[in-house]
Novice: 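Here's a structure for you.
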Amino acid sequence: MAALMGTVRPSPGGASPAVLKPGAAGIAGRGLFASWLSLLVALPLAVLAWHGLEGGPSGVLAALELPYAWEALQLTLWTSAVTAILNAVMGTATAWVLVRYRFWGRSLLSMLVDLPLAIPTLVAGLMIVNLFGPQTPLGAWCKGLGFPVAFAVPGIVLALLFINLPFVVRSVEPVLMDLDPAEEEAAVILGARTWTTLRRVLLPPLAPAIAGGTLQGFARALAEFGSIVVVSGNIPGRTLTSPVFIFGEVEAGRTEAAAAVSVVLLAIAIGLQPAVRWLNRLAGARHV
Amino acid sequence: MGIRVEHITKRFGSFVAVQDVSLQIRPGELSALLGPSGGGKSTILRIISGLETADEGRVVIDGQSVDHLHARARNIGFVFQHYALFRHMTVAQNIGFGLEVRKAPKESRRRRVADLIDLLGLQGLEDRLPSQLSGGQRQRVAVARALAPEPKVLLLDEPFSAVDAQVREELRRWLRRLHDDLHVTSIFVTHDQSEAFSVADRVFIINEGRLEQSGTPLEVLDDPATEFVARFLGEVNVYDGRVHEGFLRVGPIEVAARDVADGTPMRMILRAYDLKLWREEPGVGVVRRVLLLGDRVKVEAVLDGAGPLFAQFPRRSSLLKGIEPGCRIAVEVSTARLYPLPADPPGP
Amino acid sequence: MSDARPDPFRTRWLPRRVALLALVVAWMALLLFVPLGSLGVGVWTFGPLAVLDQIGEAGGWPALGRTVVVAIVSVVLNGVVGVAGAITLVRHRFWGRRLLDMLVDLPLAVSPVMTGLAFLLVFGRGGLAEPLLSALGWKITFAFPSLVLATVFVTLPFVLREVSHVLVELGTDEEAAAATLGASSRQTFWRITLPNIRHGLTYGSTLTLARALGEFGAVLVVGGAIEGRTDTATTFIFTAVDERHEPAAYGMALILAALSMAFLVVLERLKRRQARET
């Protein structure tokens, strides 16, 4: 499923002074492009939103009161948040290691950071089941410890950590590359300890990039379906996430409920977009 | 507070960046490390500051060895080549950072920052971010930040390289004045000889990790100790020959080489402005071209039996009268230097 | 110019640096290497030839073929639309440009399951377009066209955004120079613009290809994974897991994983080439 979601770089936004005066072909192309986007993207999503909002806001609330819908949304939100934050820490560390250290295997490591974006997430889920499934030694051992991974919440977390992995790394890396190590040296010479240097000199310029990457990872995790559907076991009320819930409702022919829950996810996703754009711009503007 | 650098050597892998360099910097002096890029000057500066550790040798500041001290404990001011201002802090926050991390009381910190802002002429810029400053202003903020914790020593790494030529001239004068006011022992690195000679009290010429010569600007200019220094300090003419009966003769030029055995290969170096030439028949050479270099004129000639000769004169010099391509000239050498010829001569 | 140090990034391996590197490698191992390796080991224990047989028996090859066709169609369609759209969005200013710009990013923000649902609501039974479709006698949902539609939607932004970035960086100097030399706008496009954006186009196309091969949620919902008609490589895996045909599922998964690794290598090369040329 949404394998490469979000590998796309942020839109260049307003930063493009080179503008052309279009000819007739340009204007025709503009019209075609606008119609294509409207038919392919705007229309289906508008229909989805329309369908979901048919019953008004109370309809959406009613859908959330369906059995397990609310639990699914809660589960989706908290697992996405936790994994996004974990990867904010590990992603920053990974970017640091990749940019600042020179070691054997560095370029391989750097390449593999993108693996979660290139591999079908269904396959990623399958890998986790293969490793931690109840019939495997590792899975049985975890289960024996009272900490089952596959078909349980830890499996969801593991899958989302996998999906999330590249976002913070890739947003922090370019900013870090632009950061002059002399700034850290300046702080040290002025008497700052390692921790102070980290907190006062390094983190502030990186903060927008870290936050932007984290939000992107969070949004990406909210939408995740392929890996979750095989890893989680989809036990309603316990390991059923919202995208899987929507899938179940569609399969059962209850498109109204599916659309209503979709509206909630869609609202969150679209609501996050401006924040991501703003943070990306901030991160970009900081490395002049 | 003097600085003594004793026999330091620094290798990066197989590359020797600094080789057995010793420097003696007197208290209160402004010294320049001068030499071509990649010659190890910045590495020496970084070793003094503690950002880099020497493989051999030691650094003594104010009579005390500092080799065991971390960079943050040496109390040294350092101005980085591209300033390395903290991009997310205002001018005032940048200047105050060193005091803040040393936990100086807020009130004294505020006063010190205000003093430095006055001293360096940064009034009105306190709340700007580095990205909102001009190159010259950034430079001054960087110096103010380095001076704030009252360092014993101020080190500047190519302090003027990142600003354009006009501002650079102004900043040089400003740095010299600042130093005359404060008398902090200072070292700056530069690859620009006019910068070193116009600002520094003492110049150390560094090439390929070695110290070639040290002295006041005049000493170095008047008496270059090595062929490298002579060549580095301006345009020169180079002629090789063998000593014969106490003289080295190259074409019409003859220089005394006392106490040198006959047949020894020697190299003669004539500076382009240590020459006189005038129109004369039959003369010893012929002018090829006359080039105008702003306020100076360069004459390219060919000496009979010696090869090309380059000479420079002030534009209004009376010697230039009648000098034009194709005319014959006489030449007089006011100063020439002889250096032993290396076994395999270096390229130009 | 300062003295160029031989390698400014030469790492001095202090204990805390070793520890941080070890932590990062361990993290990547837990999330990436070990699961990937275990998939390989799993297929190996089933026996590679037996796995290939099982994939064939379960009807995996036609599904993979269908996926490849869908992916190629998506690359071509999104290649053309992406280049045209990028030029429109970067080089032109017009009313509604920002709105279109936002629309381009939407497919990334939407869960593929929701994409599938949205297309069902438009083209499916009782959907908005049903009268039109039945009048024409076309069937889209639970048929091949829906797979293409969903995949094109999901991969819409990749070429467009990559090419946009190249266009922004390029500026219009070269195009203007060509125009002053008398080139028509068509000549300018083919001789100047296209060669300049070719790396961005290839990069975006590779992303599109990888993403199209791995698309699952949307094609599952909109196509229904009907065996022999709308099942794809990924829905084949899903069905095989469901029906406990593990060897077939793992085998197909390994094929897709290997393909994604190949794409990663291609992307890495493209990145390096671009870094060299700029």
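Every chain is numbered from 1 and lettered A, B, ... according to where its sequence line falls, protein lines coming before strand lines.
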Novice: Sort out for me which of V104(C), V221(C), L220(C), L259(C) touches chain A most, counting heavy-atom pairs under 4.5 Å.
Specialist: L220(C)
Novice: For the CG atom of L48(A) and the CE atom of M114(C), what is their distance to the nearest 0.5 Å?
Specialist: 6.0 Å
Novice: Parallel under 30°, tilted from 30 to 60°, perpendicular over 60°: which one fits the rings of F238(C) and F247(A)?
Specialist: perpendicular
Novice: I need the minimum non-hydrogen distance between F153(C) and L40(A), along with the two atoms involved.
Specialist: CD1-O, 3.2 Å
Novice: Ignoring hydrogens and angles, tell me if any N or O in the side chain of N130(A) forms a donor-acceptor pair with the backbone of S38(C) under 3.5 Å.
Specialist: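 Yes, N130(A) side chain to S38(C) backbone: donor-acceptor pair under 3.5 Å.
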Novice: For R277(A) and R161(C), work out which heavy atoms get closest and say how close.
Specialist: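 Reported closest heavy-atom pair: NH2-NH2, 4.2 Å.
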Novice: If you look at every heavy atom in S262(A) and L117(C), which pair is closest and at what distance?
Specialist: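 That closest heavy-atom pairing would be OG-CD2, 3.6 Å.
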Novice: Side chain to side chain contact (heavy atoms under 4.5 Å, CB included) for F263(C) and D114(A)? Distances and angles first, verdict last.
Specialist: CA-CA 10 Å; F263(C) 292 137; D114(A) 284 335; over 6 Å; no
Novice: For each of I237(C), V81(C), V25(C), tally heavy-atom pairs with chain A at distances under 4.5 Å, and name the one with the top tally.
Specialist: V81(C)
Novice: Can you confirm whether M102(C) is buried at CE, in the sense that more than 12 heavy atoms of other residues, nucleotides or ligands lie under 6.0 Å from that atom?
Specialist: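 No - once you tally the heavy atoms of other residues, nucleotides and ligands closer than 6.0 Å, there are 12 at most.
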Novice: Determine whether R272(C) and S107(A) make a side-chain contact, defined as any pair of heavy atoms from C-beta on separated by less than 4.5 Å.
Specialist: yes
Novice: Answer with side chain, backbone, both or neither: which region of L126(A) has an atom nearer than 4.5 Å to a non-hydrogen atom of chain C?
Specialist: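 Contact with chain C is through both the backbone and side chain of L126(A).
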Novice: How about I119(A) and L36(C): do any of their side-chain heavy atoms sit closer than 4.5 Å?
Specialist: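 Of all side-chain heavy-atom pairs linking L36(C) with I119(A), at least one is under 4.5 Å.
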Novice: Does any non-hydrogen side-chain atom of W36(A) lie less than 4.5 Å from one of V152(C)?
Specialist: yes
Novice: Minimum heavy-atom separation for F216(C) and G226(A), please, with both atom names.
Specialist: CD2-CA, 3.6 Å
Novice: What distance separates L117(A) CG from L207(C) CG, expressed to the nearest 0.5 Å?
Specialist: 8.5 Å
Novice: For I255(C), which atoms come within 4.5 Å of any heavy atom of chain A: side chain, backbone, both, or neither?
Specialist: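 No part of it gets close to chain A.
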Novice: Quick one: CZ on F103(A) to CG on L21(C), what's the gap to the nearest 0.5 Å?
Specialist: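 Spacing of CZ (F103(A)) from CG (L21(C)) equals 5.0 Å.
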Novice: Quick check: are there more than 12 heavy atoms from other residues, nucleotides or ligands sitting under 6.0 Å from CZ of R269(C)?
Specialist: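 Check fails, neighbour count at 12 or below.
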Novice: Side chain, backbone, both or neither: which part of V41(A) has an atom under 4.5 Å from a heavy atom of chain C?
Specialist: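 Looking at V41(A), backbone and side chain both touch chain C.
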Novice: What residue in P44(A), A49(A), A159(A), A269(A) has the most heavy-atom pairs under 4.5 Å with chain C?
Specialist: P44(A)
Novice: Which atoms of A257(C) come close to chain A, meaning under 4.5 Å heavy atom to heavy atom: side chain ones, backbone ones, both, or neither?
Specialist: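 Contact with chain A is through both the backbone and side chain of A257(C).
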Novice: Quick one: OG1 on T235(C) to CG on L122(A), what's the gap to the nearest 0.5 Å?
Specialist: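 It is 9.0 Å, given to the nearest 0.5 Å.
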Novice: Could you give the distance from CD (E256(A)) to CG (L121(C)), rounded to the nearest 0.5 Å?
Specialist: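 The CD atom of E256(A) sits 8.5 Å away from the CG atom of L121(C).
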Novice: Counting heavy-atom pairs under 4.5 Å with chain C, which one of V230(A), L222(A), L112(A), V113(A) comes out on top?
Specialist: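 Top count of heavy-atom pairs under 4.5 Å with chain C: L112(A).
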Novice: Shortest non-hydrogen contact from V24(C) to M90(A)?
Specialist: CA-CE, 4.3 Å
Novice: With a 4.5 Å cut-off on heavy-atom pairs, point out which of T194(A), V229(A), L138(A) contacts chain C the most.
Specialist: V229(A)
Novice: Which bit of L120(C) comes within less than 4.5 Å of chain A, counting heavy atoms only: side chain, backbone, both or neither?
Specialist: side chain
Novice: Identify which of L264(C), L213(C), L106(C) forms the greatest number of heavy-atom pairs closer than 4.5 Å to chain A.
Specialist: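 That would be L264(C).
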Novice: Using heavy-atom distances under 4.5 Å, tell me whether V41(C) contacts chain A through its side chain, its backbone, both, or neither.
Specialist: neither
Novice: Before you tell me yes or no, could you show the steps for Y101(A) and V18(C) under side chain to side chain contact (heavy atoms under 4.5 Å, CB included), namely the whole-Å CA-CA distance, both residues' side-chain angles and the distance that decides it to 0.1 Å?
Specialist: CA-CA 10 Å; Y101(A) 297 173; V18(C) 176; over 6 Å; no
Novice: Just so I understand: if I count every heavy-atom pair under 4.5 Å between each of T88(C), L100(C), L99(C) and chain A, which residue has the most?
Specialist: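 Of the candidates given, the most pairs with chain A belong to L100(C).
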Novice: If I take atom CG from residue L128(C) and atom CH2 from residue W50(A), how far apart are they, to the nearest 0.5 angstrom?
Specialist: 11.0 Å
Novice: Taking all non-hydrogen atoms of both residues into account, name the closest pair between S260(C) and A118(A) and its distance.
Specialist: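 Scanning both residues, the minimum pair turns out to be CB-O, 3.2 Å.
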Novice: Answer whether the closest heavy-atom distance between the side chains of L39(C) and V123(A) falls below 4.5 Å.
Specialist: yes
Novice: Side chain from CB out, backbone as N, CA, C, O: work out which of these in L156(C) comes under 4.5 Å of a heavy atom of chain A, or both, or neither.
Specialist: side chain
Novice: For L161(A) and W27(C), what are the C-alpha separation, side-chain angles and deciding distance, and is it a side chain to side chain contact (heavy atoms under 4.5 Å, CB included)?
Specialist: CA-CA 10 Å; L161(A) 282 177; W27(C) 180 256; 3.8 Å; yes
Novice: For Q273(A), does the CD atom have more than 12 heavy-atom neighbours from other residues, nucleotides or ligands under 6.0 Å away?
Specialist: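 Enclosed.
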